[in-house]
Structures are given as C-alpha cells and as structure tokens.
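FYI, the numbering just counts along the sequence from 1. Read the numbers this way: they start at 1 and go in the same order the structure lists the ligands and their atoms.
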Amino acid sequence: MAFDFQSYIKKMKIKPSTRVSLKKFRTDFKDIKLSKSVGATILQDGIKKLARLQDKLYAHDEYSVLIVLQAMDAAGKDSVIKHVMSGLNPQGVKVTSFKVPTSAELDHDFFWRHYIALPSRGEIGIFNRSHYENVLVTKIHPEFILSEKLPKIKTLKDINDKFWEERYKQINRFEKNLAENGTIILKFFLHLSKGEQKKRFIERIDDPSKNWKFSMGDLKERERWDDYQEAYEQMITKTSTEYAPWYIVPADDKWFTRVAIAGIIDMEFQKLNFTYPEVTREQKAELLNAKRTLEREK
Ligand code: ATP
Ligand code: MG
C-alpha cells in the first residue's frame, strides 16, 4: 500500500487541551519510509499549490494567513522560510524576525510589535520567532519580564505560575480576536534533538561561511535545554486551540521539515476551499463591454 503522507502529517497537529510531552514526539521520521525523491515531489507540489492559493487569497482581500515558527537554535526556521515560501509572490508575503526587544518596543505591551507586523488582508505573514518568546526565553530568564515594566510585577517573586497562566490566556485571546477577524493562524514547533543541535553548532563553527550564525550565547541557552523543552511543552499545551493550532514537526532532517510544513499548510488551505471571487452579472457585462472596446481599437 502506498505510504499515506496525509495521515502521517495530520498526527502532528495538537488537539486543544492535549497535555504535551515532547519526549513522546519524534524528532526524526525513522518510523516511515519516505525517499528523498518522493519527498521532493511532495514539496514541489505543495509549493505550487501554495502559490495558487496565495493568488486566490490576494484576489479575495478578505482573509490573511499568519504562520508562526518557533524552535530551539539551529532547528531550521530560516531554511523553511527560504524553501517552502520560494514559490510565493514576494508582493504578498511579509516575513518578520523577532529579536531581543528594543527600548521602544519595551515601552509598549508585548503584543504591540507583533501586532504591527501582522499580514494585511490578502497577505501571508511569517513570524520567525514571535510573541511566544514572551513565554519561552522570558521563562528561562525571568529578568527580561522585569524590563517589560509591567504594573504589579516588581520583583522576580511576582513572576509566578499565575503570571504565566495569565500570559497564556492573553495569547489565546489575542489569537482568537485575530482569527475572528479573518486571520488564519498556523503555528509550527520545529522539534530538534539535542544531539542534532550539537552537530549543527559544530558545523557552524567548522564552516567559515556559517561562522556568523554561531554565537557564544547559543551555547549558554543550550545549557538550559531541559528548561526550554519544558517551557515549550507548557506553551503548546496551553495555547493549541481550534482557531490557532500548534503542529510539532520533526526537525532533525531539514528536508523532511520542509516537506512536512509544506504538506500541512497545503492540507489546511484545502479545507478552506478557496475559489476566486465571483463577479456579478452586471460586472460580467461590464467586462465584456471593456473587451469589445479593446477589440475595436485600431
Ligand atoms: P538562528 O536560529 O539562525 O540563530 P535566531 O532566530 O536565533 O536565528 P538570533 O538573532 O540568533 O536569531 O536570536 C534572536 C534572539 O532574540 C533569540 O535568542 C531570542 O530568544 C531573542 N528574543 C526574541 N524575542 C525576545 C523577547 N521577547 N524577549 C527576549 N528575547 C527575545
Ligand atoms: Mg540564534
């Protein structure tokens, strides 16, 4: 029987209220047989379909799509953006990478910089890191929260479980509002193993063309690997919803990550059953009139 790729990627979607334990999710795809050539076909097919969908999305000017990418360092976010989005019309795509917030950003609530980076109607927006950093890196380094200048949060003691619960709720509310107003949200966690991260870091050190990608800070964060995994588990458990689901995608093989993400985006878009906007009878008559005018031109 032919390998059922659709059923395989469907399992990567996290149903609301699932208690996620990352150890139970694979970082590779060794449980299936998928050759690189079949993978390449799926990817190319996905990219073509995505381009066609983008065209319809743009024509409708009603919905927007937000793709959120979160992962440990070197998990391949950049490579997903480069390959999976390669078939898209740059005019309708907006990629934003979120780094350590600036002082101007810290003068607003943490959603602000993400809000202004959202895709317009008809556009596809990609967040390379996102508002989720505010329950990830800030959980590992709560001193970052103090620089957010929040009322009633004055010492590290104020940053307790209740604080995080509230923050997950705020994120869910934020995304629900967006979804209700026409933003389709898909969130991907690129699930990398600690061993594969080590390999990629060493490559970044050994290969002079990749040296710029490595920083000593990356090594420091790696020391907190288990804490990060726990923060990711809680984040996914608390914020995978009907209107903004998380997908946990194996990230130890970069090409497989791209194939899986292209497949998932394609699968979700098909459900929307997008068509080109229909024209009214009057508009059709006008179009025919315009055509006749053009044809009469000398
Ligand atoms: P690569 O995977 O290629 O290293 P990157 O996304 O890690 O790319 P960097 O410039 O290396 O890009 O890192 C951005 C840094 O900004 C990350 O360490 C991230 O945790 C941090 N960051 C992002 N958002 C926040 C935030 N809200 N508060 C504090 N730090 C943040
Ligand atoms: Mg980095």
Just say parallel, tilted or perpendicular for the rings of [X] and [Y], cut-offs at 30° and 60°.
| X | Y | answer |
| --- | --- | --- |
| His60 | Phe274 | tilted |
| Phe256 | Phe29 | parallel |
| Tyr228 | Tyr232 | tilted |

Exercise. Of His131, Glu133, Arg129, which meets side-chain hydrogen bond (donor to acceptor under 3.5 Å, both in side chains) against Gln70?
Worked result: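 The residue from His131, Glu133, Arg129 that satisfies side-chain hydrogen bond (donor to acceptor under 3.5 Å, both in side chains) with Gln70 turns out to be Glu133.
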For this session: Have a look at Asp73 and say which of its N, O or S atoms is nearest the Mg ion (ligand 2).
Result: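 Going by distance to the Mg ion (ligand 2), the closest N, O or S atom in Asp73 is OD1.
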[X] and ligand 1 - part of the residue with a heavy-atom distance under 4.0 Å:
| X | value |
| --- | --- |
| Val100 | both |
| Ala74 | backbone |
| Lys77 | side chain |

Exercise. Could a heavy atom of Arg113 be found less than 4.0 Å from some atom of ligand 1?
Worked result: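 For ligand 1, residue contact (heavy atoms, under 4.0 Å) with Arg113 is present.
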Exercise. Is a side-chain donor-acceptor pair under 3.5 Å present for Arg222 with Gln197?
Worked result: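 There is such a pair between these side chains.
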Problem set entry | Polar atom proximity, Arg129 to ligand 1 (N or O, under 3.5 Å) |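 N/O-N/O distance below 3.5 Å exists for this pair.
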Exercise. What protein heavy atom sits nearest atom 3 (O) of ligand 1, and how far off is it?
Worked result: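 Checking every protein heavy atom, the shortest distance to atom 3 (O) of ligand 1 gives Asp78 OD2, 3.7 Å.
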